[in-house]
There are 2 protein chains.
Amino acid sequence: MSTAASPLRPRKQPVQDRSRLTVDAIHVATIQVLAREGIARCTTTRVAERAGVSVGTLYQYYAQREAMLAAALERHMKRISGAVEEACATWHGKTLEEMVTGLVHAFLAAKFENAEESRSLYAVAETYGGNQQMEQARLRIRGCLAAMLASARDVRIADIDTAVSFFHIALMAPARARLVGELKEMPETMFEENVVRLLLGYLRALPQD
Amino acid sequence: MSTAASPLRPRKQPVQDRSRLTVDAIHVATIQVLAREGIARCTTTRVAERAGVSVGTLYQYYAQREAMLAAALERHMKRISGAVEEACATWHGKTLEEMVTGLVHAFLAAKFENAEESRSLYAVAETYGGNQQMEQARLRIRGCLAAMLASARDVRIADIDTAVSFFHIALMAPARARLVGELKEMPETMFEENVVRLLLGYLRALPQD
DNA sequence: TCAGAACCTGAAGGTTTCTTCATATATCAT
DNA sequence: ATGATATATGAAGAAACCTTCAGGTTCTGA
């Protein structure tokens with residue numbers, strides 16, 4: 001379980017409070033610059049300036065610009081995976097409807113708690129979406145979902161793997177659409193209601209066994 | 001209906017065959033460089049080299065790098081919108097199940113006909129997703145979908161606008177997931193079948209009137 | 001208190017990229 | 001055939017970027 005020395009991995013872990021603050025500031029600044037300037041202009045210089053530190057300092061923690069971006073994405077993913085994991089545990093063994101309702105609520109809450117962060121990081125995920133960190137996070141989420149769905153009290157799904165794949169996609173996609181501004185005019189209640197409908201409709205249309 | 005002089009719009013239209021070939025070559029090269037190098041390294045120099053023309057030539061048709069990328073995206077979107085439009089017309093007035101089955105098949109065929117192009121352009125759409133061209137294409141597709149769904153012989157959906165929003169999202173998302181490699185192990189038939197299930201499940205879970 | 005570790009700074013070298021323009025060639029209409 | 005138009009070329013200036021490193025400051029433990 002060692003932290004492999006990849007150029008995409010953080011270079012040095014902060015040990016004093018001072019540097020912990022620095023790393024936090026860099027993370028916040030990364031999101032802000034990403035949101036205001038776009039990924040192409042999210043440079044080490046700009047982020048450092050926004051964070052109120054020198055470029056040199058930034059490079060002490062991230063060997064390259066990419067590592068800085070990847071770190072921001074990873075921090076976000078951990079938050080979301082955690083929320084999903086927790087929700088899956090909470091609703092384990094319940095009804096399909098209870099599960100979906102509860103999970104959707106928890107997921108959307110986590111995703112929209114910091115909407116700007118979520119939105120900005122899509123561009124980063126686009127670029128680093130194929131790397132191991134991302135793949136691992138995806139697998140972790142899929143694992144939770146599979147365990148939960150398999151434990152449904154009222155329904156026994158035949159092909160869990162396929163179900164989880166589509167469930168996952170249909171859970172993420174509406175959130176993304178809303179975050180990038182496609183559904184902003186829709187009231188939040190109606191939005192959430194329809195996400196539930198989409199997922200539940202799919203699951204119920206699935207062959208049982 | 002004039003072509004506004006924006007730096008993102010093509011600079012000059014080709015009039016001779018010679019230049020038409022050039023513009024085509026640039027389009028193809030853009031996709032290739034995008035696929036092999038990523039959007040950050042998809043530069044005017046690289047694209048021109050790949051296309052077998054000089055940078056100067058490229059700048060004769062696109063005032064900036066961004067315009068070149070936007071043009072590639074637009075060409076793709078026109079193809080897809082066209083396919084959707086045609087399918088919507090074909091299945092107008094049919095059963096909900098016929099519609100969804102037919103549309104999904106047509107859409108996936110169009111989207112996967114040139115999978116590399118589709119996949120590569122997600123990164124571009126991420127950056128230029130909010131601009132007018134994109135918004136217009138989205139509205140056009142939504143219009144077709146709305147007209148088709150409203151004409152369903154067997155079902156009368158209460159809130160078409162909401163239904164179309166989610167339908168649109170649930171149609172695009174699985175294709176995207178598969179294109180970026182998330183569902184590559186799933187057989188094509190099963191994939192398509194589940195997209196239909198997702199959409200049909202949603203529509204049937206919708207309140208009627 | 002003091003040495004060593006942790007942390008910070010920012011100027012500067014080396015690249016890459018964007019974009020233009022003066023020049024040259026190809027095509028078309030007459 | 002020839003002038004006008006369309007198209008192509010690629011060297012080069014300017015700007016932005018990435019990253020390092022030598023030197024300075026702050027903290028911590030003994």
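Keep in mind it's a predicted model, so treat the numbers as computed, not measured. Here is the naming used below: chain letters follow the sequence lines, and residue numbers restart at 1 for every chain.
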Parallel, tilted or perpendicular: which fits the ring planes of F166(B) and F191(A), with parallel below 30° and perpendicular above 60°? tilted
Expressed in angstrom and rounded to an integer, what is the separation of [X] atom [atom1] from [N] atom [atom2]?
X: R41(B); N: dT16(C); atom1: CZ; atom2: P; value: 9 Å
X: Q13(B); N: dT7(D); atom1: CD; atom2: C1'; value: 15 Å
X: L21(A); N: dT26(D); atom1: CG; atom2: P; value: 16 Å
X: M68(B); N: dT19(C); atom1: CE; atom2: C1'; value: 13 Å
X: E37(B); N: dT16(C); atom1: CD; atom2: C1'; value: 13 Å
X: L69(A); N: dC17(D); atom1: CG; atom2: C1'; value: 14 Å
X: E49(A); N: dC17(D); atom1: CD; atom2: P; value: 11 Å
X: D24(B); N: dT7(D); atom1: CG; atom2: P; value: 14 Å

OP1 or OP2 of [N] less than 4.0 angstrom from a side-chain nitrogen or oxygen of [X], does that happen here?
X: T57(A); N: dT9(C); answer: yes
X: Y59(B); N: dT20(C); answer: no
X: S19(A); N: dA6(C); answer: no
X: T45(A); N: dC17(D); answer: no
X: S54(B); N: dT9(D); answer: yes
X: T22(A); N: dC8(C); answer: yes

Is the side chain of [X] donor-acceptor paired with the backbone N or O of [Y] at a distance under 3.5 Å, no angle test?
X: T43(A); Y: R46(A); answer: yes
X: R197(B); Y: Y202(A); answer: no
X: S118(B); Y: K111(B); answer: yes
X: S19(A); Y: Q16(A); answer: yes

Tell me what [X] touches on the nucleic acid: a base, only sugar-phosphate, or nothing, going by heavy atoms under 4.0 Å.
X: V55(A); value: base
X: Y61(B); value: sugar-phosphate
X: Q60(A); value: base
X: T43(A); value: sugar-phosphate
X: R46(B); value: sugar-phosphate

Is there any protein nitrogen or oxygen under 3.5 Å from a nitrogen or oxygen in nucleotides 23-29 of chain C, and what are the pairs?
none

Look at E37(B) together with R41(B) and state whether they make a salt bridge at an N to O cut-off of under 4.0 Å. yes
Rounded to the nearest 0.5 Å, what separation is found between the CD atom of E74(A) and the CG atom of L69(A)? 12.5 Å
Assess the side chains of R142(B) and S165(B): does a donor N or O sit below 3.5 Å from an acceptor N or O? yes
From the set dT19(C), dT9(D), dA11(C), return the single nucleotide nearest to any side-chain atom of R65(B). dT19(C)
